[in-house]
Amino acid sequence: MPASALVRPAADSRLPTPDQPVIEARGLVKRYGGAVAVDGVDLVVAEGEIFGILGPNGAGKTTTLEMVEGLRAPDAGTIRVAGFDAVADPASVRRVIGVQLQTTALFDYLSAAELISLFGGLYGAPTPPARADELLALVGLTEKRASRVDQLSGGQQQRLSIALALVNRPRVVFLDEPTTGLDPQARRALWATVRGVRDGGATVVLTTHYMEEAETLCDRIAIMDRGRVIALDTPAALIRNLGMAATVRAHVGGDTLPAAALAALPGVTTIVPTDDPTALRLQTSDAQATLVGLLALAEAHRVSLTDLASAQATLEDVFLALAGRTYEQDEQDEPAADSHRPPAKRGRRR
Ligand SMILES: Nc1ncnc2c1ncn2[C@@H]1O[C@H](COP(=O)(O)OP(=O)(O)OP(=O)(O)O)[C@@H](O)[C@H]1O
Ligand SMILES: [Mg+2]
């Protein structure tokens with residue numbers, strides 16, 4: 001059976017068409033005590049896109065998602081999902097969406113296939129064995145249909161939790177950090193699963209910490225920081241609009257190079273602050289001109305440059321330009337035992 005039969009009939013076009021939004025959220029605000037977690041967020045998601053909400057810890061991603069899912073009431077703002085009002089009529093919204101559950105909430109002693117049929121019952125969506133097999137195939141777990149959940153790897157459990165989010169043939173599937181804690185190979189496998197869900201006709205909204213994931217998987221991204229959306233576009237447009245082409249990096253040996261001279265190099269738009277005084281990082285609109293100028297400058301100051309490299313601009317550069325600090329700084333602040341954090345978090349809040 002084609003993947004398109006698994007979720008819903010495929011839409012005519014996968015292209016984001018903002019005039020056909022499946023989600024339209026305006027002016028969302030959520031306060032916890034005195035603190036503002038979400039501070040005036042607008043999101044418009046088109047049918048059939050993979051939409052990413054990217055941001056560091058505490059940016060407000062989960063809170064935003066929960067309001068759109070109809071699970072948390074906003075303090076201000078309006079939300080429509082597939083034509084239903086998520087504030088006034090959350091029950092209708094929940095009928096047309098699928099929400100990925102935290103893996104820790106799975107029942108360890110059931111098999112993958114049993115769990116799918118149990119969830120089908122909860123949703124009032126009968127799941128005969130053939131339907132469970134379709135869903136398991138979609139997430140690449142056919143061979144594990146009879147395996148107990150506690151015998152699946154972390155990545156397999158994440159994929160199973162996506163299958164569970166699909167049992168009621170939702171129009172919109174919400175995934176909160178579906179790949180956190182997975183190794184690179186498992187993460188790529190999960191990306192393929194997410195694309196399969198979209199190709200089956202559903203719209204996917206996911207949150208992520210990972211720049212690379214947002215860049216390669218998502219059609220459009222909202223970058224959130226401190227409760228606000230600081231940018232929203234396709235990954236390519238976000239990078240293009242920066243007006244910079246690349247980052248030039250090097251390690252400087254011997255003396256340091258004067259900041260004013262670095263800033264005056266051809267093409268340089270920003271000198272990126274780094275923790276390591278010998279590490280040099282320049283954003284530039286013309287990598288070649290900057291490299292030529294940098295080599296001449298090093299020569300003149302008799303300093304050596306090692307590990308000289310230039311790399312195309314990425315979403316990290318977008319974050320730095322808009323948030324005024326590097327993304328890695330936030331990520332380094334995460335506790336070491338963080339790899340299992342997202343499942344724990346969702347439970348903690350409820
Ligand atoms: N139930 C709650 N009670 C009080 N404060 C909360 C609650 N939930 C979230 N917050 C606060 O709201 C802010 C946004 O949290 P949220 O979980 O939405 O961020 P996030 O972007 O999902 O972060 P992470 O990447 O760590 O999952 C944070 O400062 C958080 O501490
Ligand atoms: Mg979160």
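Because the structure is predicted, anything quoted here is derived from the model rather than measured. The residues of the chain are indexed from 1 along the displayed sequence.
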Trainee: When you check the side-chain N and O atoms of Glu177 and Thr207, is any donor under 3.5 Å from an acceptor?
Mentor: no
Trainee: Tell me yes or no: between the side chains of Thr208 and Glu213, is some donor less than 3.5 Å from an acceptor?
Mentor: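 Indeed, the side chains of Thr208 and Glu213 share at least one donor-acceptor pair under 3.5 Å.
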Trainee: Do the numbers put Arg148 on top of the ring of Tyr109, so that NZ or CZ is under 6.0 Å from the six-membered ring centre and no more than 45° off the axis?
Mentor: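 The answer is no; the distance or angle limit is not met.
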Trainee: When the side chains of residues 21-29 are checked against the rest of the protein, which donor-acceptor pairs come out under 3.5 Å, sequence neighbours left out?
Mentor:
{"from": "Glu24", "atom 1": "OE2", "to": "Arg26", "atom 2": "NH2", "distance (Å)": "3.0"}

Trainee: For Ala237, does its backbone N or O pair with a side-chain atom of Asn241 as donor and acceptor, under 3.5 Å?
Mentor: yes
Trainee: Asn168 side chain to Ile97 main-chain N or O, any donor-acceptor pair under 3.5 Å?
Mentor: yes
Trainee: Is the shortest side-chain N to carboxylate O distance from Asp233 to Arg220 below 4.0 Å?
Mentor: no
Trainee: Is a side-chain donor or acceptor of Tyr327 paired with a backbone partner of Val318 at a separation under 3.5 angstrom?
Mentor: no
Trainee: Do NZ/NE/NH1/NH2 and the carboxylate oxygens of Asp225 and Lys61 come within less than 4.0 Å?
Mentor: no
Trainee: What's the spacing between Met67 CE and Ile79 CD1 if we round to 0.5 Å?
Mentor: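 Atom-to-atom, Met67:CE and Ile79:CD1 are 6.0 Å apart.
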Trainee: Hey, does Leu138 have a side-chain heavy atom less than 4.5 Å from the side chain of Glu134?
Mentor: no
Trainee: Going through the distances and angles, do Asp133 and Arg145 end up as a salt bridge (charged side-chain N to carboxylate O under 4.0 Å, His left out)?
Mentor: CA-CA 8 Å; Asp133 288 345; Arg145 85 178 303 284; 2.6 Å; yes
Trainee: Got a salt bridge between Arg198 and Glu49, using NZ or NE/NH1/NH2 to carboxylate O under 4.0 Å?
Mentor: no
Trainee: Are Arg188 and Glu212 close enough for a salt bridge, meaning some N to O gap below 4.0 Å?
Mentor: yes
Trainee: Any side-chain donor-acceptor pair under 3.5 Å between Asp276 and Thr278?
Mentor: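 Per modelled atom types, Asp276 and Thr278 side chains form a pair under 3.5 Å.
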